[in-house]
Amino acid sequence: MVKASEPTNVSKPSGEGANDTPPSPKAPPVEIPHTLSIRQLADLLQASAIDIIKQLMKIGIMANINQVIDYETAATIATNLGYQPRPKPRITQSLASAIGETKKQPTKDEELGGLRPRPPVVTIMGHVNHGKTRLLDAIRQTNVMATEAGGITQHIGAYQVTVNDQKIAFLDTPGHEDFTAMRARGAQVTDVTVLVVAADDGVMPQTLEAIDHARAAGVPIIVAINKIDKPEANVELTKQQLTDAGLVIEEWGGDTVCVQVSAKEKRGIPELLESILLVAEMEDLKANPSKPAEGVVIEAEMDKTKGPLATVLVHTGTLKLGDTIVAGTTWGRLKAMFNDTGKRVRKADQSTPVELLGLDSVPQVGNIMTAVASEQQARALIQKRQLEIKQQAPLVTLNNLFDQISAGQIKELNVILKTDVQGSIEPIRSSLERLGTKEVQVRVIHSGSGNVTESDVMLAIASKGLIIGFNTDTERGARRLADAEGVSIRNYDVIYNLVDDVNKALKGMLEPSYIDVIEGRAEVRAIFTATKKQKIAGVYVTEGKVSRGASVKVKRQEQVICESTISSLKHFKDDVKEMNAGSECGVGTKDYNDFQVGDILEVFRREKR
């Protein structure tokens, strides 16, 4: 709803009905409700909606004909158009009785605040090459997969289909990482997850990850066992593997809906769609189509000819052409909207994906999109969101765990556990989960063997959890993302120490620990003799920066040879303070000379965590 910051008399050129002075005592009075639309105000003042919109623009408010404004704003416009405004009395129940009116009984829809059933939003997830896109292709009866490079999904796509006069919106994602990335930014966009498992391949590592990501989001899972047409398909074995993963299907006494399909032969598709609608009906999905539109950005790019583009899935309300919108910390006025078939549309209702043209910059995937009344409101909302980001509580670490428990900020410690071998997972998981107290439960939401990956970090961000590694390493990209987002990664090689640290953290007894934050890396490409006692490494800075006086690790074949500090840094013959990525320089270190070509210098700083 549009509000005026203060009633303002707006000067008006002749011919537009504006006034420089307050209305004369002979000006006709008009009763104005406490809220009304611009169309209603135009009818009330016997003016055109265009004149009303022009008057609003003069006081810095951009609005459309259906926009609702408050009394103060409407009174300002009425005064400038030569009326004497006064507030219309609200008809309370007692007043209604006094004037002989009976209060209208609210309808069920009004009792629900204008809520109406909305179509479900479904995400397709599963292991690579298990047929996610081919399944969606079979549902849509179009050839999406043929347009993808190598038959593998390259971008997030959103599509809407109609089944027995009921709509379903589908998200086709490259992987569960994107699903979780949206959650990490505060967007819970999915209502139902369809987990695609190939009957000839069974449950694979990415299948298990997808299950854990969907569970962490609290989203119901429907299993689609695909490729049942293949001779080597083993449906019963796949069902057993799903049970081992904690998804017990209905026919085996569980509560997981399971449908056998062949995307290639288009078998089982009607049954899958009926199951989706059934699960969605049980979720009782509702939204208000009359509210200003809200949604989430599911894809964004900078087009060379069109400029910033964003694909948005409208969650509630109705998005209209010409609306002013805010997406994350970007904003703009909608110049054009396109549906999933590329057709121009003038509006998009709830659970509808549309591509938007008109934003001033490219938003991030997962940003919340909100329709507002004016540029003023857009800028105010952006400022509010920026402030909220700054005020967000830090992600949980073992060091701040007790403080967050004491402040009542967390009731559950979510842990992502990665180990060197599968056999280590269960004893560590059971030991950790036994540590729970009345105040906080310890919950291992995902576990697996291998290095800590970016997918693990994204899940930690989305679930506000931490990562524990046992006898395993962290991939470089995952470490970089964790450092940027403040995710805690703890590495151990003794189970007792791991469990003891978590136990102490829960009780507020853990001693502070420190982590090494990588600031830059450089590769040794030549070695020079400076003096009899000192050698200089000629290096190429591959990432970040190298600074004089900084701490440095000399690594050879991933093994740390020594830790030291950079005592000298030269660019040709000049002493310099720092060198950035892409440059060459000479590095001397304190008390170390045994460089070899190919060594990696890892510059770091040590921080308390």
Side-chain angles (χ1 to χ4, degrees), residues 118-140 153 156-161 163 167-185 187-198 202-226 238-239 241-243 245-250 254-261 263 268-269 271-285 296 298 313 315 351 353 365-366 414 445-446 455 458-459 462-463:
R118 66 169 177 83
V121 179
V122 181
T123 293
I124 309 283
M125 293 202 292
H127 192 75
V128 66
N129 290 331
H130 274 203
K132 300 188 296 291
T133 303
R134 189 180 284 275
L135 176 61
L136 185 59
D137 184 44
I139 292 170
R140 295 173 58 214
T153 306
I156 296 174
Y159 316 98
Q160 196 175 67
V161 300
V163 182
K167 293 179 179 179
I168 305 174
F170 284 92
L171 295 183
D172 180 24
T173 71
H176 48 268
E177 297 92 342
D178 301 273
F179 169 83
T180 304
M182 286 189 280
R183 287 185 51 238
R185 295 189 178 98
Q188 183 76 357
V189 65
T190 304
D191 302 310
V192 180
T193 295
V194 172
L195 180 70
V196 181
V197 187
V203 172
M204 299 297 284
Q206 287 182 6
T207 315
L208 296 173
E209 286 194 6
I211 292 171
D212 287 340
H213 283 238
R215 279 178 171 160
V219 176
I221 300 172
I222 297 174
V223 175
I225 300 180
N226 192 24
T238 303
K239 290 178 181 178
Q241 291 174 339
L242 287 165
T243 301
L247 286 181
V248 184
I249 65 174
E250 287 180 327
D255 56 4
T256 301
V257 177
C258 180
V259 183
Q260 298 179 37
V261 300
I269 305 301
E271 291 80 2
L272 176 60
L273 295 174
E274 286 174 12
S275 297
I276 291 171
L277 291 172
L278 181 61
V279 171
E281 186 178 341
M282 294 171 64
E283 292 295 301
D284 194 29
L285 306 171
V296 62
I298 57 174
L313 186 69
H315 182 72
S351 301
V365 171
N414 292 324
I445 61 171
H446 174 65
S455 175
M458 290 306 308
L459 183 55
S463 62

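Atom set for the values below is all heavy atoms of this structure, side chains included, hydrogens, waters and symmetry mates excluded.
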message: For Ala198 versus Thr238, what's the shortest heavy-atom pair and its separation?
response: O-OG1, 4.2 Å
query: Taking the side chain as C-beta and beyond, is there a heavy-atom pair between Pro353 and Gln160 under 4.5 Å?
result: yes
Glu283 vs Pro220 side-chain heavy atoms within contact, under 4.5 Å: yes
- prompt: Got a second to check how far Ile221's CD1 is from His213's NE2, nearest 0.5 Å?
  reply: 11.5 Å
- request: Compare all side-chain heavy atoms of His130 with those of Gln206 and state whether any distance is below 4.5 angstrom.
  value: no
message: Test side chain to side chain contact (heavy atoms under 4.5 Å, CB included) on Ser455 and Glu209; report intermediate values, then the result.
response: CA-CA 9 Å; Ser455 175; Glu209 286 194 6; 3.5 Å; yes
- prompt: Leu247 and Leu195: side chain to side chain contact (heavy atoms under 4.5 Å, CB included), yes or no, with the steps?
  reply: CA-CA 11 Å; Leu247 286 181; Leu195 180 70; 3.9 Å; yes
- request: Report the distance from atom CD1 of Ile139 to atom CD1 of Ile124, rounding to the nearest 0.5 Å.
  value: 5.5 Å
statement: For Ile445 and Ser463, the nearest pair of non-hydrogen atoms, with its separation, is CD1-OG, 3.3 Å
statement: The side chain to side chain contact (heavy atoms under 4.5 Å, CB included) partners of Val163 (sequence neighbours excluded) come to Val161, Ile168, Leu273, Leu277
task: State which residues pass side chain to side chain contact (heavy atoms under 4.5 Å, CB included) with Ala263; sequence neighbours excluded, sorted by chain then number.
output: Arg134, Leu135, Asn226
message: Testing the basics here: between Gln241 and Val203, what is the closest heavy-atom pair and its distance to 0.1 Å?
response: OE1-N, 2.8 Å
message: Please report the interatomic distance CD1(Ile211) to CG(Leu242), rounded to the nearest 0.5 Å.
response: 6.0 Å
message: In the structure I gave you, are the side-chain heavy atoms of Val257 and Leu278 within less than 4.5 Å of one another anywhere?
response: no
Nearest non-hydrogen partners of Ala224 and Val194, listed with the distance: CB-CG1, 3.9 Å
query: For Pro119 and Ser351, which heavy atoms make the closest approach, and how far apart are they?
result: O-OG, 2.6 Å
task: Measure the CD1-CD1 distance between Ile249 and Ile225 for me, rounded to the nearest 0.5 Å.
output: 6.0 Å
query: About how many Å separate CZ of Arg118 and CG of Asp191, when rounded to the nearest 0.5 Å?
result: 4.0 Å
task: Kindly compute the distance separating CD (Gln260) from CD (Glu271), expressed to the nearest 0.5 Å.
output: 10.5 Å
task: Mind listing the closest non-hydrogen atom pair of Val196 and Gly131 along with its distance?
output: CG1-C, 4.2 Å
